[in-house]
A.B. asks: 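Okay, here's the structure, questions in a sec.
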Amino acid sequence: MAVSKKASTERDPTSWGVMARYDDYKGDPVEVAPEVVETVLDLLEADAPGPPDAPVTVITKGEPVDLAGVVELITEDGGGEQLNGALPPDTPYGYHRLREADGTERAFIVSPGTCILPDAPRWGWAVQLYSAWSKTSWGVGDFGDLEKLARWAARDGGGFLLLNPLNQRAPVPDADASPYSPSTRCLLDPLYLSMSELGVDVPARPATAGPPERIDRAPIMERKLAALSALWDESAATRASTEIEDAVMNDLITYFVIAETHGPDWRTWPAELASPNASGVDAVKAAHTNEIGFRAWVEDILRQQLTRASHALDIVHDLPIGVDAAGADSWLWQGAFALDARIGAPPDEFNRAGQNWGLPPFDPWKLRAQRYEPFIRTIRAAMSRGGGLRIDHVMGLFRLWWVPEGADPTQGAYVRFRHEDLLNIVALESHRTNSYVIGEDLGTVETLVRDEMRARNMLSYRLMWFEDAEPEDYPELGLAAVTNHDLPTIAGAWSGADLDEQRSLGLDVDDDAADGLIERMSKVAGVTRDAPPKDAIAAAYAALARTPSLLKVATLEDALEVELRPNIPGTTSDVRGNWSGRLPVSLEDLDELELPHTIAGALNAD
């Protein structure tokens with residue numbers, strides 16, 4: 001690790017949000033090595049005792065605000081009002097501006113401070129959408145399948161579907177299958193577009209080159225884009241009417257057009273294309289209006305199909321904690337990211353070596369300097385798609401573990417964010433889109449995080465695999481589940497198939513921890529260890545029904561007795577086939593199965 005040339009006395013780590021000390025997963029204090037603190041300060045480009053002021057103020061409505069020197073409030077709708085040292089009491093929520101006497105302006109964001117809540121308790125299904133399939137889909141779950149799933153779930157009393165992230169991945173055939181490392185969090189992945197809704201028949205042969213239980217996305221995507229391109233070329237009227245009024249969307253689409261020629265990593269592009277404002281980007285836009293229009297048309301169709309699929313019940317989307325350093329969001333907002341840092345987690349009981357997730361963090365001070373625009377656009381895009389939002393690793397709104405690029409995950413430090421500002425923005429967008437919010441608060445969680453979540457009506461995320469409490473003692477402001485995509489399915493744990501697979505992959509297996517999971521489940525569900533997996537699954541969800549949590553969720557993998565989990569942390573997609581498993585039953589056959597109805601009956605009985 002390079003040693004900083006700046007003396008530590010020149011800059012205050014606390015002022016910059018760098019934590020020189022933290023409590024580990026056991027509650028024991030850990031001192032961060034001084035050289036690591038200095039390196040993280042370098043990643044923040046800290047060149048003063050503390051960060052500079054930023055042209056943005058974020059408040060909860062009614063909160064006192066210093067208006068010294070401010071002469072005018074310019075509201076989001078363009079209205080203006082002269083100020084006399086105080087805000088008008090009827091100042092609306094929104095994204096406003098404050099103008100000072102010298103003409104300078106700062107962003108002024110007024111938030112309700114709390115998120116909306118579901119209007120009634122409800123239960124739903126957690127679904128890896130890509131894993132679903134039907135007679136009309138092309139080898140991967142699409143938005144037509146989502147609509148089928150929504151109607152199926154609603155018939156049995158379900159109130160929502162919790163989906164994997166649906167964001168657009170890197171524009172290469174071998175793009176990482178993980179939905180948690182997208183190229184952009186603002187556009188949808190064309191992989192999910194339903195071709196049958198466009199009147200295009202299913203290909204005569206299976207649109208997959210891999211084994212039937214695993215999805216090969218590349219040939220499916222190639223076929224879909226070819227069919228879409230043909231439809232686009234057939235419609236001169238469509239081409240003529242496709243205009244992109246949103247500058248951010250225009251720039252993101254331009255990234256993908258440039259990537260077709262220069263590759264997916266903007267850091268290797270010619271200097272004249274290396275940023276949205278670089279000298280050659282306007283020329284690309286002018287020369288490729290057809291390609292840009294095509295991609296905008298595809299995004300518009302995706303949004304329409306997703307909206308239709310959301311009519312039957314709430315769709316709860318999942319917001320990844322970060323994006324690909326080489327991708328579209330990082331290119332567009334590169335000035336807001338710390339591109340030489342990677343986010344992860346310090347060592348804990350499950351990952352003694354720490355974790356590096358390979359994604360760059362927002363720089364909290366550069367993000368503020370940009371008036372939080374990249375964060376606002378990201379949250380708005382995620383919430384505009386459905387009735388709810390799960391924020392992956394919600395602790396990242398408070399602090400993130402930064403690892404210098406190329407360093408060991410243990411050689412990192414926590415960097416704090418202005419969590420009050422970020423939570424106020426989430427609350428404002430929650431009200432604007434009528435979306436409730438779930439914070440994924442698993443792992444090492446500061447008391448501050450859950451205190452703030454409760455105060456702001458953000459639902460906690462509780463998993464039966466981890467909880468020592470009885471279901472009756474789970475929090476009301478919560479989403480309760482048995483497992484998730486990174487943990488064993490009930491059938492996999494009960495049969496031993498999950499441990500067998502881990503051993504076959506050469507992973508260190510903690511037999512005691514695995515036995516502890518099953519012992520906890522046996523006790524809570526009232527089922528013996530020698531019970532068939534199907535009985536254990538039914539008993540687990542009958543126990544989950546006892547929780548007072550506003551939301552309860554069952555996984556479709558459990559309902560179909562799937563033994564292999566969607567993802568095993570610590571393995572890669574090319575070795576294990578993470579995020580590529582296909583459900584064993586078609587959507588047309590779901591109604592014929594007993595266990596999904598049994599689970600629904602238990603959750604409805606609450």
A.B. asks: Taking Thr571 for its side chain and Ile568 for its backbone only, find out whether a donor-acceptor pair lies under 3.5 Å.
C.D. replies: yes
A.B. asks: Between Asp251 and Thr254, is there a side-chain donor-acceptor contact under 3.5 Å, judged purely by atom types and distance?
C.D. replies: no
A.B. asks: Without hydrogens or angle criteria, can the side chains of Ser196 and Lys135 be said to hold a donor-acceptor pair below 3.5 Å?
C.D. replies: no
A.B. asks: Carefully, step by step, assess Trp333 and Trp331 under the rule ring-ring contact (aromatic ring centres under 6.0 Å, His included).
C.D. replies: CA-CA 6 Å; Trp333 290 312; Trp331 176 74; over 10 Å; no
A.B. asks: Using a distance-only test with no angle check, is there a side-chain donor-acceptor pair under 3.5 angstrom linking Gln305 and Ser194?
C.D. replies: no
A.B. asks: Judged by modelled atom types alone, do Asp145 and Ser137 share a side-chain donor-acceptor pair under 3.5 Å?
C.D. replies: yes
A.B. asks: Using modelled atom types and a 3.5 Å cut-off, is there a donor and acceptor pairing between side-chain atoms of Thr547 and backbone atoms of Glu472?
C.D. replies: no
A.B. asks: Which pairs, with at least one residue in residues 553-577 and sequence neighbours excluded, count as a ring-ring contact (aromatic ring centres under 6.0 Å, His included)?
C.D. replies: none
A.B. asks: Can Asp176 and Ser178 be counted as having a side-chain donor-acceptor contact under 3.5 angstrom?
C.D. replies: no
A.B. asks: If only atom types and distance count, is the side chain of Asp142 paired as donor or acceptor with the main-chain N or O of Leu191 below 3.5 Å?
C.D. replies: no
A.B. asks: Check whether the side chains of Glu299 and Trp297 place a donor and an acceptor atom closer than 3.5 Å, and report yes or no.
C.D. replies: no
A.B. asks: Relative to Tyr130, does Arg217 satisfy both conditions: NZ or CZ under 6.0 angstrom from the six-membered ring centre, and within 45 degrees of the ring's axis?
C.D. replies: yes
A.B. asks: Under 3.5 Å, is there a donor-acceptor pair between the side chain of Asp589 and the main chain of Val585?
C.D. replies: no
A.B. asks: Please confirm whether the backbone N or O of Asn578 pairs with a side-chain atom of Arg214, one donor and one acceptor, at under 3.5 Å?
C.D. replies: no
A.B. asks: Using atom types as modelled and distance alone, determine if a side-chain donor or acceptor of Glu222 lies under 3.5 Å from a backbone N or O of Lys224.
C.D. replies: no
A.B. asks: Could you go step by step and tell me if Asp486 and Asn567 meet the side-chain hydrogen bond (donor to acceptor under 3.5 Å, both in side chains) rule?
C.D. replies: CA-CA 5 Å; Asp486 287 334; Asn567 176 59; 2.7 Å; yes
A.B. asks: Look at the aromatic rings of His485 and Trp579 and report parallel, tilted or perpendicular, splitting at 30° and 60°.
C.D. replies: tilted
A.B. asks: Any donor-acceptor pair under 3.5 Å linking the side chain of Ser549 with the backbone of Lys552?
C.D. replies: no
A.B. asks: If I compare all heavy atoms of Pro548 with all of Pro471, which pair ends up nearest, and what's the gap?
C.D. replies: CD-O, 3.4 Å
A.B. asks: Hey, is the main chain of Ser134 close enough, under 3.5 Å, to the side chain of Ser586 for a donor-acceptor pair?
C.D. replies: no
A.B. asks: Is the positively charged end of Arg390 above the ring of Tyr461, judged by distance under 6.0 angstrom from the centroid and angle within 45° of the axis?
C.D. replies: yes
A.B. asks: Show every ring-ring contact (aromatic ring centres under 6.0 Å, His included) that has at least one partner inside residues 539-565, sequence neighbours left out.
C.D. replies: none
A.B. asks: Going through the checks in order, is the side-chain hydrogen bond (donor to acceptor under 3.5 Å, both in side chains) test met by Trp465 and Thr483?
C.D. replies: CA-CA 6 Å; Trp465 276 142; Thr483 187; 3.2 Å; yes
A.B. asks: Are the side chain of Ser522 and the backbone N or O of Thr528 linked by a donor-acceptor pair below 3.5 Å?
C.D. replies: no
A.B. asks: Got Phe466 and Leu487 here, is their nearest side-chain heavy-atom distance under 4.5 Å?
C.D. replies: yes
A.B. asks: Any side-chain donor-acceptor pair under 3.5 Å between Asp329 and Ser183?
C.D. replies: no
A.B. asks: Are any non-hydrogen side-chain atoms of Val562 and Leu556 less than 4.5 angstrom apart?
C.D. replies: no
A.B. asks: Could you tell me if the side chain of Asp318 sits less than 4.5 Å from the side chain of Tyr180, heavy atoms only?
C.D. replies: yes
A.B. asks: Using a 4.5 Å cut-off on heavy atoms from C-beta on, say whether the side chain of Leu198 contacts that of Leu231.
C.D. replies: yes
A.B. asks: Could you tell me whether a side-chain N or O of Arg380 sits under 3.5 Å from a main-chain N or O of Thr433, the two making a donor and an acceptor?
C.D. replies: no
